[in-house]
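Note that the structure is predicted; figures quoted are calculated from it, not measured. All residue numbers refer to positions in the sequence shown, counting from 1.
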Amino acid sequence: MVKEKVNYNKYENYIRVGTSPQTLQDFPTPSSIGILLADVDKDPFTDLQGYTHRNRVRHDVLSLELGYSILSDEDLAFILNTISNAWVYVEIKDKKTLQRSVHKMYASDKQFGVFRVWQDELGNWQEEEQEFTVTMVEE
């Protein structure tokens, strides 16, 4: 018996992605999201007394880890095709200003997990993909 897949990742305007700020479109809503605001330093070093010297050139550079626990094949293909460009624009609610803002980002690591593999009544191998994670990093 083949289990029917349920698409839990509706397009709910939580995140919008496009190749330019003018082409933003709804993106599947992730099951989980990790947000990192990082500093970028140029040539930091620690001196012989053990003190760290920094030359911070940017702060609060946004990284998003979007996690999807259940995806249809169509949603996964949509995500992969949408983020395949070198740069994409991502609109999401800013945690500091509480306003929606657009960030130029690239898709870094992508990780796939298969929940189970089985053979159906006709002898065909089936896979149920359970997890997909992608990290988006701001320019």
Side-chain angles (χ1 to χ4, degrees):
M1 177 177 186
V2 176
K3 182 179 176 185
E4 181 181 337
K5 279 191 184 176
V6 178
N7 180 5
Y8 292 103
N9 298 294
K10 298 182 174 107
Y11 298 77
E12 299 170 319
N13 198 16
Y14 181 76
I15 295 176
R16 296 177 46 193
V17 177
T19 55
S20 73
Q22 295 77 28
T23 62
L24 293 171
Q25 59 184 331
D26 289 346
F27 203 66
T29 304
S31 306
S32 65
I33 184 168
I35 299 173
L36 173 67
L37 298 174
D39 288 347
V40 176
D41 291 325
K42 181 181 180 205
D43 303 325
F45 69 95
T46 303
D47 63 23
L48 294 176
Q49 287 77 36
Y51 291 100
T52 300
H53 300 269
R54 302 180 62 189
N55 182 14
R56 185 171 83 171
V57 293
R58 287 184 63 200
H59 68 94
D60 292 346
V61 176
L62 179 65
S63 293
L64 302 173
E65 184 176 276
L66 306 177
Y68 296 89
S69 59
I70 298 175
L71 277 176
S72 68
D73 290 341
E74 293 79 17
D75 282 344
L76 181 57
F78 175 78
I79 291 170
L80 291 173
N81 287 314
T82 302
I83 63 175
S84 65
N85 289 328
W87 294 100
V88 294
Y89 292 82
V90 178
E91 181 186 76
I92 192 165
K93 183 178 177 183
D94 187 296
K95 295 296 185 186
K96 290 187 340 186
T97 65
L98 302 179
Q99 302 294 316
R100 294 186 69 79
S101 59
V102 177
H103 304 270
K104 185 177 179 182
M105 306 183 95
Y106 68 91
S108 181
D109 298 334
K110 300 162 204 69
Q111 183 175 353
F112 302 86
V114 175
F115 176 62
R116 67 184 181 132
V117 178
W118 76 95
Q119 215 169 9
D120 63 20
E121 302 86 21
L122 303 174
N124 299 317
W125 286 100
Q126 304 291 326
E127 295 178 352
E128 182 176 33
E129 294 184 31
Q130 180 70 7
E131 297 176 359
F132 173 71
T133 304
V134 59
T135 302
M136 304 294 291
V137 181
E138 188 174 20
E139 176 183 38

Colleague: Between W87 and Y106, how do the two ring planes meet: parallel, tilted or perpendicular, split at 30° and 60°?
Modeller: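 Correct class here is perpendicular.
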Colleague: Of the non-hydrogen atoms in P30 and L66, which two are nearest, and what is the gap between them?
Modeller: CG-CD2, 4.1 Å
Colleague: I need the minimum non-hydrogen distance between D60 and K96, along with the two atoms involved.
Modeller: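 So the minimum-distance heavy-atom pair works out to OD2-NZ, 2.6 Å.
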Colleague: Fit a plane to each ring of Y68 and F27, take the angle between them on a 0 to 90° scale, and name the class: parallel (under 30°), tilted (30 to 60°) or perpendicular (over 60°).
Modeller: perpendicular
Colleague: Taking all atoms of both residues into account, what is the closest heavy-atom pair of K93 and L98, and its distance?
Modeller: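 Heavy atoms only, the tightest pair is CE-O, 3.8 Å.
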Colleague: Assigning hydrophobic clusters by single linkage (Ile, Leu, Val, Met, Phe, Trp, Tyr; side-chain heavy-atom cutoff under 4.5 Å), is F132 placed with I33?
Modeller: yes
Colleague: Using side-chain heavy atoms (C-beta onward) and a distance below 4.5 Å, is I35 in contact with L62?
Modeller: yes
Colleague: Does some side-chain heavy atom of L37 sit less than 4.5 Å from a side-chain heavy atom of K95?
Modeller: no
Colleague: How about D94 and Q99: do any of their side-chain heavy atoms sit closer than 4.5 Å?
Modeller: no
Colleague: Side-chain contact, heavy-atom cut-off 4.5 Å: M105 with L64?
Modeller: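 Yes - at least one pair of side-chain heavy atoms lies under 4.5 Å apart.
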Colleague: Got a donor-acceptor contact below 3.5 angstrom from the N85 side chain to the V88 backbone?
Modeller: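 Judged by distance alone, no pair lies under 3.5 Å.
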Colleague: In this structure, would V17 and L76 fall into the same cluster of hydrophobic residues linked by side-chain contacts under 4.5 Å?
Modeller: yes
Colleague: Show your working on side-chain contact (heavy atoms from CB on, under 4.5 Å) between V40 and R56 and close with a plain yes or no.
Modeller: CA-CA 6 Å; V40 176; R56 185 171 83 171; over 6 Å; no
Colleague: Indicate yes or no: at least one non-hydrogen side-chain atom of D43 is less than 4.5 angstrom from one of N55.
Modeller: no
Colleague: Give a yes or no on whether the backbone of P44 and the side-chain of D41 come within a donor-acceptor separation of less than 3.5 Å.
Modeller: no
Colleague: Taking side chain as C-beta onward, heavy atoms only, is T29 less than 4.5 Å from I15?
Modeller: no
Colleague: Do the side chains of T46 and H53 get nearer than 4.5 Å, heavy atoms only?
Modeller: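 Result no, sub-4.5 Å side-chain heavy-atom pair not found.
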Colleague: For the atom pair CZ (R16) and CD1 (I92), what is the distance rounded to the nearest 0.5 Å?
Modeller: 12.5 Å
Colleague: Without swapping roles, check the side chain of N124 against the backbone of D120 for a donor-acceptor pair under 3.5 Å.
Modeller: no
Colleague: Testing the basics here: between L24 and G18, what is the closest heavy-atom pair and its distance to 0.1 Å?
Modeller: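 Heavy atoms of L24 and G18 come nearest at CD2-N, 3.6 Å.
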Colleague: With rounding to the nearest 0.5 Å, note down the distance linking CD in E131 to CD in Q111.
Modeller: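 Between atom CD of E131 and atom CD of Q111 there are 7.5 Å.
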Colleague: What distance do T82 atom OG1 and D75 atom CG have between them, rounded to the nearest 0.5 Å?
Modeller: 10.0 Å
Colleague: Please say yes or no: joined through hydrophobic side-chain contacts below 4.5 Å, possibly via intermediate residues, are M136 and L36 part of one cluster?
Modeller: no
Colleague: Please name the pair of heavy atoms, one in E138 and one in H103, separated by the smallest distance, quoted to 0.1 Å.
Modeller: OE2-ND1, 3.0 Å
Colleague: Can you tell if the side chain of E91 reaches within under 4.5 Å of the side chain of Y14, non-hydrogen atoms only?
Modeller: no
Colleague: Minimum heavy-atom separation for K110 and L80, please, with both atom names.
Modeller: CD-CD2, 4.0 Å
